> 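Take this structure, written in structure tokens, and hold onto it; I'll ask about it next.
Because the structure is a prediction, the values reported are computed rather than measured.
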Amino acid sequence: MNICVKGIIFDIKHYSINDGPGIRTTVFFKGCPLRCWWCHNPESQSRHEEVVIRERSLDGRSFTVEEISGRWVEAEEVIREIEKDGIYYDQSGGGITFSGGEPLMQPVFLLELLKMSKERGYHTALDTCGHVDETVLKQVMDHVDLFLYDLKLIDAEEHLKYTGVTNEKVLKNLILLSDMGKKIIIRIPVIPGITDTPKNITALSNLLTELNGLDRIDLLPYHMIAKSKYQRLNMNYKLEELQEPSLERLKELKEVFEGIGMKVTVGG
Ligand code: SF4
């Protein structure tokens, strides 16, 4: 008997070039255990379908429409969508990236998709915030070729303040993956005055020098475009006044991490 496994997603992006090597298809899972103040995908946070208000224009007139973000889908349906891009993976060294939200919040659905992807010979990447029980991570890790691991704040109190959870699991799971020899790209959001403080950058550098298997570090600059998404979702945005980091600051940070022997990109 073929049991269908279902999950909730909010988007499938084709021809993505910033979510791992080559040309990729990125599947965005809905639901995240964190509430980062700077989240660029607030529509990913709730595990439920929700109403989004969008502005549209027609014949020079603007009006608003209500759309639903999030849909329940069977793993089979997602794989059929992914298979359409198969030819690009071969040619570019690409594959599938599971992102969100937090894909590990739907472990059964994720595992099914990972297995189906590997059966077809696709390269798999998992974009994770790492805040998950170790047992869940262990269930999926052998089907993941590359981890895109988000690292934000090393101080536990600050992590709690700005993301809503402590970083105990995040750090523990990162060390576990590193000890298991998994291939990892670290993704650091550069949020001025929050994650780019000298104290946090030093603490991040100290941790990263201890790890094995790091492919590179991606610095992900804060940008203000998410603001309008919060309005559309009727959500409060806490960083109204925050400016984007300057190119100079990003260059400085790049040099700091290169100084500890890491390959660094800005923007992923
Ligand atoms: S971990 Fe990512 S998806 Fe989740 S709240 Fe933070 S920025 Fe948003």
> Given side chains that start at C-beta, do those of K169 and V132 come closer than 4.5 Å, heavy atoms only?
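They are not in contact (no side-chain heavy atoms under 4.5 Å apart), so the answer is no.
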> Hey, does Y222 have a side-chain heavy atom less than 4.5 Å from the side chain of P189?
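No; the side chains remain at least 4.5 Å from each other.
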> Counting neighbours of NZ on K172 that are heavy atoms of other residues, nucleotides or ligands and sit closer than 6.0 Å, is the number greater than 12?
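Atom NZ in K172 is not crowded, with 12 or fewer foreign heavy atoms closer than 6.0 Å.
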> Would you call E67 and R56 a salt bridge, using N to O less than 4.0 angstrom?
yes
> Check whether K229 reaches the backbone of H40 with its side chain - one donor and one acceptor, N or O, closer than 3.5 Å.
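Checking the backbone N and O of H40 against the side chain of K229, a donor-acceptor pair under 3.5 Å is found.
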> Taking side chain as C-beta onward, heavy atoms only, is W38 less than 4.5 Å from L242?
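No. Closest side-chain heavy atoms not under 4.5 Å.
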> Checking S16 side chain against K13 main chain: does a donor-acceptor pair fall under 3.5 Å?
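No, S16 side chain to K13 backbone: no donor-acceptor pair under 3.5 Å.
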> Near I87 CD1, under 6.0 Å, is it more than 12 heavy atoms from other residues, nucleotides or ligands?
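Counting other residues, nucleotides and ligands, CD1 of I87 stays at 12 neighbours or fewer.
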> Using the rule side-chain contact (heavy atoms from CB on, under 4.5 Å), only one of T25, I12, T26 pairs with I82; which is it?
T25
> As an exercise, state the distance from OG of S99 to CZ of F28, rounded to the nearest 0.5 Å.
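Reported to 0.5 Å precision, the distance equals 5.0 Å.
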> Salt-bridged, E49 to R71, with N to O below 4.0 Å?
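Salt bridge: no.
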> Report the distance from atom CD of E210 to atom CG of L174, rounding to the nearest 0.5 Å.
11.5 Å
> Provide the full list of salt bridge (Lys or Arg N to Asp or Glu O under 4.0 Å) pairs with a residue in residues 100-111, sequence neighbours left out, each pair given once.
none
> So which heavy atom on I96 is nearest to which on S117, and how close?
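The answer is CG1-OG, 3.9 Å.
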> Would you please test D218 and V264 for side chain to side chain contact (heavy atoms under 4.5 Å, CB included) and show each step?
CA-CA 6 Å; D218 290 343; V264 185; over 6 Å; no
> Is there a donor-acceptor pair closer than 3.5 Å between any side-chain N or O of H159 and the backbone N or O of V165?
yes
> Side chain to side chain donor-acceptor pair (under 3.5 Å): which pairs involve residues 173-182, sequence neighbours left out?
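Output for this query lists D142-K182.
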> State plainly whether the residues K138 and E134 are in salt-bridge range, i.e. N to O under 4.0 Å.
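A salt bridge is present here (some side-chain N lies under 4.0 Å from a carboxylate O).
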> Starting at OH of Y237, measure out to CE of M224 and round the result to the nearest 0.5 Å.
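One finds 7.5 Å between OH of Y237 and CE of M224.
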> Taking the side chain as C-beta and beyond, is there a heavy-atom pair between I185 and I217 under 4.5 Å?
no
> Before giving the answer on ring-ring contact (aromatic ring centres under 6.0 Å, His included), spell out for F10 and F29 the whole-Å C-alpha distance, their side-chain angles and the decisive distance to 0.1 Å.
CA-CA 6 Å; F10 68 94; F29 284 49; 9.6 Å; no
> Could you tell me whether the side chains of R24 and H14 share a donor-acceptor contact shorter than 3.5 Å?
no
> Taking the six-membered ring for Trp, are Y122 and Y89 parallel (under 30°), tilted (30 to 60°) or perpendicular (over 60°)?
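Ring orientation, 0 to 90° scale: perpendicular.
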> Any chain of hydrophobic side-chain contacts (each under 4.5 Å) joining M180 to L171?
yes
> Under 4.5 Å between any side-chain heavy atoms of I188 and L220, yes or no?
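The answer is no, as the side chains (C-beta and beyond) never meet within the 4.5 Å cut-off.
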> Set out, in order, the CA-CA distance, both residues' side-chain angles and the distance that settles side chain to side chain contact (heavy atoms under 4.5 Å, CB included) for V5 and E74, then state yes or no.
CA-CA 6 Å; V5 179; E74 290 180 10; over 6 Å; no
> Does the S69 side chain pair with the main chain of V52, one donor and one acceptor, at a distance under 3.5 Å?
no
> So do the side chains of Y230 and L239 get within less than 4.5 Å of each other, counting heavy atoms only?
no
> Do the non-hydrogen side-chain atoms of P21 and L146 ever get within less than 4.5 Å of each other?
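Yes, their side chains come closer than 4.5 Å.
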> Looking at Y149, is its backbone amide N or carbonyl O close enough to the side chain of T128 to form a donor-acceptor pair, meaning the two atoms are under 3.5 Å apart?
no
> Can E258 and K254 be said to form a salt bridge (charged side-chain N to carboxylate O under 4.0 Å, His left out), step by step?
CA-CA 6 Å; E258 284 172 343; K254 185 170 184 277; 2.8 Å; yes
> Assess whether a salt bridge exists between E255 and K251, defined as any Lys/Arg side-chain N lying under 4.0 Å from an Asp/Glu carboxylate O.
yes
> A side-chain contact here means heavy atoms from C-beta on lying under 4.5 Å apart; do L110 and F98 qualify?
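Contact flag for L110/F98 side chains = yes.
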> Say whether T197 and N200, considering side chains only, have a donor N or O and an acceptor N or O under 3.5 Å apart.
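No pair is found: no donor N or O on one side chain lies under 3.5 Å from an acceptor on the other.
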> Does the pair E158/K199 count as a salt bridge with the N-to-O cut at 4.0 Å?
yes
> So does E157 get a backbone contact from the side chain of D155, meaning a donor-acceptor N/O pair under 3.5 Å?
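Judged by distance alone, yes, a pair lies under 3.5 Å.
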> Find the distance between CG (L219) and CZ (R187) and round it off to the nearest 0.5 Å.
11.0 Å
> Any chance you could measure M262, atom CE, to F257, atom CZ, to the nearest 0.5 Å?
9.0 Å
> Specify whether W37 and Y162 have parallel, tilted or perpendicular ring planes, treating 30° as the upper limit for parallel and 60° as the lower limit for perpendicular.
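Because their plane-to-plane angle is over 60°, the rings of W37 and Y162 count as perpendicular.
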> Look only at the side chain of R120 and the backbone of M116, and say whether a donor-acceptor pair between them is shorter than 3.5 Å.
yes
> First locate atom NZ of K118, then atom CG of L113, and finally report the distance between them rounded to the nearest 0.5 Å.
13.5 Å
> Is there a path of hydrophobic side-chain contacts, each under 4.5 Å between heavy atoms of I, L, V, M, F, W or Y residues, that connects L34 with I194?
no
> Strictly below 4.0 Å, N to O, side chains only: are R249 and D196 in salt-bridge contact?
yes
> Could you walk me through whether R35 and T163 pass the side chain to side chain contact (heavy atoms under 4.5 Å, CB included) test, one step at a time?
CA-CA 5 Å; R35 293 291 179 268; T163 73; over 6 Å; no
> Look only at the side chain of S44 and the backbone of G101, and say whether a donor-acceptor pair between them is shorter than 3.5 Å.
yes
> Considering all heavy atoms of both residues, which atom of I23 and which atom of I17 are nearest to each other, and what is their separation?
CG1-CG2, 4.5 Å
> Can you list the steps and then say if L104 with L137 is a side chain to side chain contact (heavy atoms under 4.5 Å, CB included)?
CA-CA 7 Å; L104 288 164; L137 187 61; 4.0 Å; yes
> Taking NZ, NE, NH1 and NH2 as the nitrogens, is one of them in E50 or K30 under 4.0 Å from a carboxylate oxygen of the other?
yes
